[in-house]
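Both backbone and side-chain heavy atoms feed into the values below; hydrogens, waters and symmetry mates do not. Numbering of ligands and ligand atoms starts at 1, following listing order. Counting from 1, the numbers follow the sequence of the chain as shown. Please read all numbers here as calculations on a predicted model, not as lab measurements.
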Amino acid sequence: MAVISPSVSRVDIDLGERSYPIFIGPGLLDDAATWAGLPRAAAALIVSNTTVAPLYAERLERALAPHYKTVHRVALPDGEVHKDWQTLNLIFDALLEKGADRKTVLFALGGGVVGDMTGFAAASFMRGVPFVQVPTTLLSQVDSSVGGKTGINHPLGKNMVGAFYQPQRVVCDLGTLDTLPPRELSAGLAEIIKYGPIADMAFFDWVEANVEALVARDAAALTHAVRRSCEIKAWVVGQDERESGLRAILNFGHTFGHAIEAGMGYGEWLHGEAVGCGMVMAARLSERLGTVNAAFVQRLTALVERAGLPVRAPRLASDNVGRYLELMRVDKKAEAGEIRFVVIDPPGQARMTPAPDALVGEVIEASCG
Ligand code: NAD
Ligand code: GLY
């Protein structure tokens, strides 16, 4: 592999023969060293969407040209609402129409939706072809591109169909964040905020002190936030790749959040917005269970708000609590219909626990505007 420049950070995911590097830095799309040493193949397919492809696909094509005889491209329709079977099939259509073989390498160029779908396509096409994550949203750089969770939504539940399948490499070009809309930047901050309460309160302190710099896209602040988030995620995934225990802590705020996303209709609330609000709800539940105090809930709520994220949950139905509970019962962490929540215990650590419906109902009612 060519030597990477000093402005580039490298974080390694340690998973034995499935280990891979995450490269983080500005201008990586155009840096030859980023692309050296990938699996050899006759062809590559760049999977992107109708928003991101016009911005960055040509640059990626140019970077890959020395490595593959042909570089194809497919642009999916944009949006969480398209994270489904029909759109997934467009990737298989492109692969088959272009005569792809078992060595063809897929490059996911886009946010978490493109990354999750491309990874799932790579996991299942010809029973598995290599893929590379090229995340272009803050959320996908700090979370979804790392760790090998891939998949699509089902109308009855978020991310219900998928596979664990690790990429060959993750390339986070921080320059791509320049074109990201502010609402999407805030959505990414939700997943950055998440890492503090579950694993590293010193990082939480740092995010508190630097959230305005992050919102203003200060390059040094973003570099640190992406790197530290990837380090924490690498540490968790390295211990529990397939979520038999510890990895579930990465779902802090997600049980409530997934209910908001599905209940409002996919795409209405951004994933990161739902996670931000969901973390506030999960912190309130932790407080009711006695594992954190009111001051912690207040601190987290203030930070989520400063990041530009909603802290008031939406009403989903006239039987509001009933609808939330119904949606949360199809969460992947539920066991025999019993919902399990990630609670903070104490700040800097997290664990899974069931909770009485009545208590959860109180949290939902207290959180809805
Ligand atoms: P997204 O993929 O929908 O991207 C957000 C929007 O930004 C889209 O409209 C996209 O086209 C646009 N965009 C992307 N990059 C851009 C750029 N550089 N400039 C301008 N516009 C750009 O959303 P997301 O927040 O990246 O990802 C959310 C998805 O990730 C959800 O489906 C969620 O379930 C999934 N997720 C997966 C994991 C995992 O571990 N696999 C973890 C967290 C989230
Ligand atoms: N985003 C949750 C996970 O990767 O496990």
Side-chain angles (χ1 to χ4, degrees), residues 13 29 47-57 59-60 75-84 87 108-120 123 133-153 157-167 170 172-192 194-195 198 217 229-230 232-234 236-237 239-255 257-258 261-262 266-267 269-276 278 332-333 342:
I13 304 278
L29 276 177
V47 182
S48 190
N49 70 22
T50 50
T51 304
V52 180
L55 294 170
Y56 300 112
R59 280 169 63 191
L60 183 54
L76 309 177
D78 186 7
E80 185 75 36
V81 75
H82 296 293
K83 191 179 173 184
D84 59 11
T87 309
L109 176 70
V113 170
V114 163
D116 282 12
M117 282 200 291
T118 307
F120 191 30
Q133 290 273 17
V134 190
T136 61
T137 61
L138 184 59
L139 184 141
S140 56
Q141 295 188 352
V142 300
D143 192 352
S144 65
S145 65
V146 174
K149 279 191 181 176
T150 73
I152 56 172
N153 299 328
K158 170 91 180 145
N159 293 337
M160 276 296 145
V161 182
F164 285 100
Y165 193 67
Q166 301 295 342
V170 180
C172 301
D173 184 334
L174 298 174
T176 60
L177 301 180
D178 290 349
T179 52
L180 196 63
R183 192 177 163 200
E184 299 292 349
L185 192 91
S186 289
L189 292 176
E191 303 281 13
I192 291 173
K194 167 185 86 177
Y195 290 112
I198 63 169
R217 300 172 202 236
S229 299
C230 287
I232 295 171
K233 183 144 188 188
V236 172
V237 172
Q239 294 176 75
D240 181 22
E241 181 185 7
R242 297 178 73 91
E243 199 167 307
S244 47
L246 177 72
R247 185 167 178 168
I249 67 172
L250 296 172
N251 286 312
F252 174 49
H254 287 57
T255 311
H258 284 170
E261 279 189 272
Y266 295 122
W269 277 50
L270 300 181
H271 176 71
E273 291 171 339
V275 167
K332 287 191 290 308
K333 295 182 296 303
V342 179

Is there side-chain contact between [X] and [Y], with heavy atoms separated by less than 4.5 Å?
| X | Y | result |
| --- | --- | --- |
| His271 | Asp143 | no |
| Leu250 | Tyr195 | yes |
| Lys149 | Asp116 | no |
| Lys233 | Glu191 | no |
| Gln141 | Thr176 | yes |
| Thr179 | Thr136 | no |
| Thr50 | Leu76 | no |

Can you confirm, on distance only, whether ligand 1 has an N/O atom lying under 3.5 Å from any N/O atom belonging to [X]?
| X | result |
| --- | --- |
| Val113 | yes |
| Ser140 | no |
| Arg247 | no |

Of all the atoms in ligand 1, which lie at a distance below 4.0 Å from a heavy atom belonging to [X]?
| X | result |
| --- | --- |
| Thr179 | 17 (C), 18 (N), 19 (N), 20 (C) |
| Asp143 | 42 (C), 43 (C) |
| Asp78 | 8 (C), 9 (O), 10 (C), 11 (O) |
| Lys233 | 40 (O) |
| Asn49 | 10 (C), 11 (O) |
| Gly112 | 2 (O), 24 (P), 26 (O), 27 (O), 29 (C), 30 (O) |
| Leu55 | 19 (N), 20 (C) |
| Asn159 | 34 (O) |

Kindly indicate, with the supporting measurements, whether the criterion side chain to side chain contact (heavy atoms under 4.5 Å, CB included) is fulfilled by Val134 and Leu29.
-> CA-CA 9 Å; Val134 190; Leu29 276 177; 4.0 Å; yes
Does only the side chain of [X] get under 4.0 Å from ligand 1, or the backbone, or both, or neither? Count heavy atoms.
| X | value |
| --- | --- |
| Lys149 | both |
| Thr150 | neither |
| Asp116 | side chain |
| Thr136 | both |

From CA spacing to verdict: side chain to side chain contact (heavy atoms under 4.5 Å, CB included), Leu138, Val142 | CA-CA 6 Å; Leu138 184 59; Val142 300; 4.1 Å; yes
What pairs with Val113 under side chain to side chain contact (heavy atoms under 4.5 Å, CB included), at least two apart in sequence or on another chain?
->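 Per chain and number, Val113 pairs via side chain to side chain contact (heavy atoms under 4.5 Å, CB included) with Glu80, Lys83, Met117.
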Nearest heavy atom to atom 7 (O) of ligand 1: which of Lys194, Met117, Glu184 does it belong to?
->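 Closest candidate by heavy-atom distance is Glu184.
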Passes salt bridge (charged side-chain N to carboxylate O under 4.0 Å, His left out), Glu243 versus Lys333? Steps please.
-> CA-CA 10 Å; Glu243 199 167 307; Lys333 295 182 296 303; over 6 Å; no
Sort out the contact shell of ligand 2: every protein residue with a heavy-atom distance below 4.0 Å, listed by chain and number.
->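 Residues within 4.0 Å of ligand 2: Asp143, Lys149, Lys233, Glu243, Arg247, Leu250, Asn251.
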Heavy-atom closest pair, residues Ser145 and Ser140 =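 Closest approach of Ser145 to Ser140, heavy atoms only: OG-O, 2.7 Å.
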Check Asp84 against Ile152 and note the closest heavy-atom contact, atom names and distance.
->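 Where Asp84 meets Ile152 most closely, the heavy atoms are C-CD1, 3.8 Å.
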Gap separating the CD atom of Gln133 from the CG atom of Leu109, nearest 0.5 angstrom |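 One gets 10.5 Å once the value is rounded to the nearest 0.5 Å.
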Heavy atom of Lys158, distance to ligand 1 below 4.0 Å |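 True for this residue.
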